[in-house]
Amino acid sequence: MEHLKEIFATVLKDNLESDLTEKDILSLIEKPKISEQGDLAFPCFTLAKTFKKAPQLIASELANKLEHPLFDQVVANGPYVNVFLEKRQVSREIHEKVLQEKDAYGSYTIGEGKNIVFDTSSPNIAKPFSMGHLRSTVIGNSLALIVEKLGFNAIKVNHLGDWGTQFGKLIVAYKLWGDEEKVRNQPIKELLDLYVKFHAEAEDNPSLDDEARAWFKKLEEGNEEAQSLWKWFRDESLKEFSKIYELLNVDFDSYSGEAFYNDKMGRVIDLLNEKGLLEESEGAEVVKLDEYDLPPTLIKKKDGATLYATRDLAAALYRQDEYEFDQAIYIVGHEQSLHFKQLFLVLEKMGYEWAKRMVHVPFGFILKDGKKMSTRKGKVVLLEEVIKEAIELAKNNIDEKNPDLANKEEVAQAVGVGAIIFHDLKNERLNNVEFSLEEMLKFEGSTGPYVQYTFARACSILRKANVTEFESSGLNDEDSWEVTKMLMNFPNTVLRSYEQLEPSNIAKYLLNLSQAFNKYYSKVKILNDDADQMSRLALVKAVTIVLKEGLRLLGIRSPEAM
RNA sequence: GUCCCAGUAGCUCAGCUGGAUAGAGCAACAGCCUUCUAAGCUGUCGGUCGGGCGUUCGAAUCGCUCCUGGGACGCCA
């Protein structure tokens with residue numbers, strides 16, 4: 001589509017005596033909202049001033065002059081010049097392009113030789129894997145795939161929340177009320193109960209908080225008892241998490257969490273001191289950000305222990321040393337926007353030019369009854385159970401609709417998990433979403449299974465056709481044209497998803513492509529034996545290529561039958 | 001109190017850097033399987049785009065302001 005816009009712009013430029021550059025013209029060109037109006041449109045409002053003529057008049061004069069072999073007709077429609085493309089030629093061109101490039105269709109090379117580090121997923125040890133972490137995991141995974149399609153090398157770091165005062169709290173809680181048996185049997189559940197109990201008790205007995213801080217200090221200093229409890233909690237939690245990652249088909253290049261940076265804090269503090277950025281304030285040590293009108297960043301607590309920001313600074317320095325990243329992308333909830341703003345500014349004050357290439361990709365919360373879910377109060381929904389339920393539901397659907405399907409288990413997993421991932425990615429990531437099992441487990445309408453189903457149907461046609469070599473001579477009908485136009489938009493959609501770091505662009509695109517194809521499918525008999533059959537099959541093949549690739553970019557599998 | 005998000009159909013949301021009659025899905029109702037998978041398709045119903053002012057030939061889109069909801073604001077992460 002982009003190159004057709006450029007052709008249109010060139011033709012316009014040649015027929016216009018104005019000081020508009022080709023680039024100006026290109027940016028004015030748009031797609032008519034209603035496809036009956038044409039394929040490309042040029043509004044003449046801005047020309048009205050320079051020519052001192054009514055835009056309608058300019059449009060009709062222009063429409064008569066414009067010609068190009070790829071234009072079927074050019075018509076004036078009020079103040080717009082609308083172009084109808086030569087369907088057969090353009091569609092042939094697009095079909096052939098997709099068939100030749102296959103899953104590389106929509107790829108770019110702009111990222112070659114550059115590393116992008118993703119900080120993604122990052123669940124907290126000793127807490128259940130929440131719906132919020134699902135968002136980070138799924139968005140991060142998709143963005144990494146998108147970025148790789150642009151040629152970048154993506155490095156996914158799971159910055160585990162395996163350090164911090166929370167472990168002091170857990171140790172205190174375990175020593176007071178813990179039961180080794182129980183923890184061994186149901187680690188996550190039991191540890192969560194202890195955590196929740198701690199917060200409940202601490203409300204009446206604030207000295208517990210002091211104890212927790214003391215235990216965390218001991219942990220940081222290498223106290224043996226603290227260390228072994230910590231390690232135990234961590235191991236049990238990781239076991240649970242890996243089950244979920246397996247179901248989601250997600251992996252990481254590094255699991256270096258916060259604890260990993262424990263011995264790298266000294267360097268950060270030394271550097272901050274050297275640069276004269278560290279100041280004492282109310283007993284703690286901070287970096288002030290007054291010049292940006294922001295509150296100071298706390299680096300060291302009054303008891304000398306480090307904080308979240310300290311560890312993130314250490315992590316940033318380490319990652320730049322280790323990966324020489326071109327960009328660092330943090331996929332973390334939008335509640336932490338201030339923290340990242342501060343983090344990046346502190347690095348900038350430290351004189352690192354790469355701090356400007358760090359970006360926080362925030363996302364909205366999962367709400368329960370209109371409020372943020374809080375682990376501290378035990379208000380969590382366990383992801384693993386949700387996924388299992390989705391797979392079970394998908395299985396029931398298969399038993400009902402396609403009982404003879406070969407690899408039911410595998411397909412059920414792809415569809416169930418696909419529904420959950422797609423549900424998370426289809427909307428703009430900054431939107432808050434109300435947690436709703438019902439919504440997540442829908443398989444009809446704008447859902448992942450809808451796209452997967454479209455793919456499976458298209459594959460089914462190709463199996464029946466039983467051809468191996470596809471070749472398109474182009475198609476001339478309105479129904480296939482809508483599908484072809486969607487195919488044309490794929491590369492641009494990929495690019496926009498990268499520019500906006502927004503996987504939902506691809507999800508929405510896939511819904512539109514699926515819808516266009518399903519309409520086509522219901523109207524036109526593809527396997528009808530006539531002169532255009534081969535071209536129709538080429539179109540179907542192209543659709544399967546793009547659907548599969550698009551789903552892949554979201555981290556969703558595409559079963560060929562369901 | 002200060003700052004950051006958001007407010008579009010009964011519900012969940014699209015609406016690209018302002019442009020032609022504001023679009024989907026769900027729900028409700030009415031249709032379509034002796035022909036390529038009905039997890040699909042077609043149609044009906046449904047909107048003062050939170051309110052107001054402004055910029056513009058043109059505003060759901062940009063600016064200001066108010067209202068509502070959510071979030072963040074130094075020893076949690």
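Convention: sequence-line order gives letters A, B, ...; per-chain numbering from 1.
- In the set B:rA14, B:rG40, B:rU37, B:rU37 carries the atom at the smallest distance from any side-chain atom of A:S460.
- Screening residues 283-308 of chain A for ring-ring contact (aromatic ring centres under 6.0 Å, His included) gives A:Y308-A:H339 as the qualifying pairs, with residues at least two apart or on separate chains.
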Check residues 389-402 of chain A and write down every donor-acceptor pair under 3.5 Å in which the side-chain atom is one partner and the other belongs to a residue at least two apart or another chain.
from, atom 1, to, atom 2, distance (Å)
A:N397, ND2, A:L393, O, 3.4
A:D399, OD1, A:K408, NZ, 3.1
A:N402, ND2, A:M562, O, 2.9

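- Across all strands shown, A:K523 has no heavy atoms under 4.0 Å from either base or sugar-phosphate atoms.
- In this view, A:E30 satisfies the salt bridge (charged side-chain N to carboxylate O under 4.0 Å, His left out) rule with no residue, not counting sequence neighbours.
- Listed for the A:E279 side chain is no donor-acceptor partner under 3.5 Å among the backbone atoms of A:E285.
- Separating the P atom of B:rU17 from that of B:rU42 is a span of 29 Å, rounded to the nearest Å.
- The side chain of A:K33 lies closest to B:rA60 when the candidates are B:rC75, B:rA14, B:rA60.
- For the pair A:S136 (side chain) and A:S121 (backbone), a donor-acceptor distance under 3.5 Å is present.
- Identified under the ring-ring contact (aromatic ring centres under 6.0 Å, His included) test for residues 502-542 of chain A, with sequence neighbours left out: A:F490-A:Y509.
- Distance A:E335 CD to B:rC4 C1': 13 Å, rounded to the nearest Å.
- Interface remark: the A:T447 side chain does not form any donor-acceptor pair with the B:rG25 base, using a distance-only criterion of under 3.5 Å.
- Checked by atom type and distance alone, the side chain of A:S237 never pairs as donor or acceptor with a backbone atom of A:I125 at under 3.5 Å.
- A:H334 and A:F365 have their aromatic ring centers within a separation under 6.0 angstrom.
- Distances were taken from every side-chain heavy atom of A:Y453 (C-beta onward) to each of B:rC76, B:rG74, B:rU37; the shortest belongs to B:rU37.
- Using bins of under 30°, 30° to 60° and over 60° for the plane-to-plane angle, the ring pair A:W163/A:F216 lands in the perpendicular bin.
- With the 3.5 Å cutoff on both pairing distances, Watson-Crick and G-U pairs in RNA chain B assemble into runs of at least 3 at B:1-7 with B:67-73, B:10-13 with B:23-26, B:28-32 with B:40-44, B:50-54 with B:62-66.
- Following rounding to the nearest Å, A:E428 (CD) and B:rA6 (P) show an atom-to-atom distance of 7 Å.
- If you check every strand for non-hydrogen atoms under 4.0 Å, A:D162 touches nothing.
- As judged by a 4.0 angstrom heavy-atom cut-off over every strand, A:D303 is placed among residues making no nucleic acid contact.
- Using a 4.0 Å heavy-atom cutoff across all strands shown, A:P32 reaches at least one base atom of the nucleic acid.
- For A:I398, taking side-chain heavy atoms from C-beta onward, the closest of the listed nucleotides B:rA39, B:rC36, B:rC41 is B:rA39.
- The stretch residues 524-535 of chain A touches RNA chain B through A:V524, A:K525, A:I526, A:L527, each having a heavy atom within less than 4.0 Å of the strand.
- Contacts of A:V415 with the nucleic acid, taken as non-hydrogen atoms under 4.0 Å apart, include base atoms.
- Straight-line distance from the OH atom of A:Y330 to the P atom of B:rA77: 16 Å, rounded to whole Å.
- Proximity note for A:R457 (side chain, C-beta onward) versus B:rG40, B:rC76, B:rA39: the nearest is B:rG40.
- Comparing B:rG40, B:rA20, B:rC76 against the side chain of A:R213 picks out B:rC76 as the nearest.
- Residue side chain A:N396 does not reach the base of B:rA39 through any donor-acceptor N/O pair under 3.5 Å, judged by distance alone.
- A:N431 places its CG atom 19 Å from the P atom of B:rG25, with the value rounded to the nearest Å.
- In this structure, A:Y330 and A:F344 have tilted ring planes: the angle between them lies in the 30° to 60° band.
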